[in-house]
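Inspection log for the structure reproduced underneath, given as structure tokens.
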Amino acid sequence: MILKTCFLSLVCFALALPVSAAEQSSVKHLDFEPRDTKRDRVVPVRVYLGEVKSAEPVVLFSHGLGGSRENNSYLGKHWAAAGYVCVFMQHAGSDREVWRAVKLSDRMAALKNAASGKSTLDRMQDVSFVIDQLEKWNQEKGHPLQGKVDLDHIGMSGHSFGAVTTLDVSGRKYPFGKSFGEERIDAFFAMSPQPGKGMSASRALGHITSPFLCMTGTKDDSPINKRVTPETRREVYQALPAGDKFELVFDGGHHFTFGDSKGFRTRGRDPDHHPAIQKISLYFWDAYLRDDKAKRQWLQSKKPLTDSKLKAADVWLWK
């Protein structure tokens, strides 16, 4: 009995250990601009890399509309410090160049135009191209990523339009039975997701069996589409079938809760939210990319509420 108690204490202690500031300071980033010759398209990536001595699981990240590979570095550094090879993509046609190239008065219209079917398809193809490129770099003699990438364990994540991309490559169905799932990806994490249009959320998402983590907030509306509401975003988790599915809803959380942009968008951002996002997402990757059963049990409990400084009105669900 004493031995069992000691063992459980050690497990709880291991789960409680955060990624230290020293570990995060050891993370470096490498920028690459690989070209997809089939599409004549450059897909810039920023790779966050810690002290990697052997092949480690990969986490891909897709930015929101008007963003870049530099977005959400607080996640890239945190995950990389824990041993993941983090690849943050930039999607031409729906990145920051969309609004940088026009007058201030025309920026909203330019962003709305960029949220197109073409951009959606480009983003999905970017994901597959980047995985192909990682396979090449992993074998390329002298490349900084040679031998460091475990492509048998890949996670996909994104915010806003990046969450749309994440849902798409998870196998979301479109009208007429179209689907663009990327079978090489094992687990998915979407911040500010939305179910899409043209068919019900249950028909579009009800078949997805892969592990899935959704995060949103009670004020998480859309900056460009009034039809997307906080309630709409929650339809994604509701539609996903039971089995390794999770949802975090921040009370008062808004669309920019999940980003790291500066200026007016930081107003009202709760300082406890980013640490909670970091911790819960890292445990999700550990559970499903490293098969960490203790982290899985933690996720399938109320412990995220108490261990991540979540508020009483925040919601943590699993099924």
Side-chain angles (χ1 to χ4, degrees), residues 3-20 23 50 54-61 75-76 78-86 149-158 163 166-167 169-171 181-191 193 205-216 234 236-250 258 273-310 314-319:
L3 286 174
K4 182 178 181 180
T5 302
C6 291
F7 173 73
L8 290 174
S9 298
L10 286 171
V11 169
C12 292
F13 176 72
L15 283 174
L17 286 177
V19 176
S20 69
E23 287 172 315
S54 59
E56 298 290 355
V58 175
V59 175
L60 305 173
F61 184 86
L75 289 174
H78 188 78
W79 297 336
Y84 292 91
V85 179
C86 301
V149 183
D150 175 8
L151 291 166
D152 289 327
H153 299 92
I154 302 176
M156 176 69 199
S157 59
T166 299
L167 281 162
V169 297
S170 77
E182 173 51 80
E183 295 182 354
R184 291 174 291 182
I185 302 176
D186 303 288
F188 302 86
F189 167 36
M191 294 174 282
L205 306 170
H207 63 287
I208 296 174
T209 58
S210 300
F212 220 111
L213 170 62
C214 299
M215 291 190 186
T216 184
R234 296 200 63 185
V236 172
Y237 173 77
Q238 294 164 10
L240 292 169
D244 303 308
K245 308 298 191 301
F246 307 91
E247 182 182 50
L248 172 62
V249 183
F250 289 118
F258 305 96
H273 284 167
H274 277 193
I277 296 167
Q278 288 174 319
K279 182 168 188 166
I280 292 171
S281 62
L282 178 58
Y283 280 25
F284 177 74
W285 298 136
D286 286 347
Y288 295 102
L289 299 183
R290 297 190 186 277
D291 195 26
D292 188 323
K293 294 179 176 56
K295 300 285 178 66
R296 195 173 305 178
Q297 291 175 357
W298 184 88
L299 289 166
Q300 296 171 347
S301 74
K302 292 291 186 182
K303 283 193 171 294
L305 288 168
T306 56
D307 294 356
S308 306
K309 294 185 178 180
L310 296 181
D314 294 336
V315 175
W316 173 250
L317 299 173
W318 71 94
K319 58 182 178 180

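Sequential numbering from 1 along the given sequence is applied to the chain's residues.
Under the side-chain contact (heavy atoms from CB on, under 4.5 Å) criterion, A55 pairs with D150, sequence neighbours left out. Take Y237 and apply the ring-ring contact (aromatic ring centres under 6.0 Å, His included) test, not counting sequence neighbours, and it matches no residue. H274 is linked by a ring-ring contact (aromatic ring centres under 6.0 Å, His included) to Y74, counting only residues two or more places apart in sequence or in another chain. Taking R184 as the reference, D132, E135, E182 meet the salt bridge (Lys or Arg N to Asp or Glu O under 4.0 Å) condition, with sequence neighbours excluded. Judged as a side-chain contact (heavy atoms from CB on, under 4.5 Å), and not counting sequence neighbours, the contacts of L305 are K302, L310, W316. Shown here are the side-chain contact (heavy atoms from CB on, under 4.5 Å) partners of Q297, two or more places apart in sequence or in another chain: there are none.
Contact record, I154 with I185: O-CG2, 3.6 Å, taken as the closest heavy-atom pair. Considering every non-hydrogen atom in both W285 and G155, the closest pair reads CZ3-CA, 3.6 Å. The minimum heavy-atom distance linking C86 with G76 is given by the pair SG-O, 3.7 Å. Closest non-hydrogen pair, F212 versus A190, comes out as CE2-CB, 3.8 Å. Shortest non-hydrogen contact noted between S157 and T166 is C-OG1, 3.2 Å. Between I277 and F258, the shortest heavy-atom distance links the atoms CD1-CD2, 3.6 Å.
The pair R296-D286 does not count as a salt bridge, with every side-chain nitrogen at least 4.0 angstrom from each carboxylate oxygen.
Between the side chain of K309 and the backbone N or O of P275, no donor-acceptor pair lies under 3.5 Å. A distance-only check finds no donor-acceptor pair linking the side chain of Y288 to the backbone of F188 [under 3.5 Å]. Counting only distance, with no hydrogens or angles, the side chain of H207 and the backbone of G171 share a donor-acceptor pair below 3.5 Å. A donor-acceptor pair under 3.5 Å is absent between the side-chain atoms of K295 and the main chain of K293, judged by distance alone.
Taken from CG in L248 to CZ in F284, the straight-line distance is 13.0 Å, to the nearest 0.5 Å. To the nearest 0.5 angstrom, I280 atom CD1 is 7.5 Å from L213 atom CG.
At least one side-chain heavy atom of P57 sits under 4.5 Å from a side-chain heavy atom of R290.
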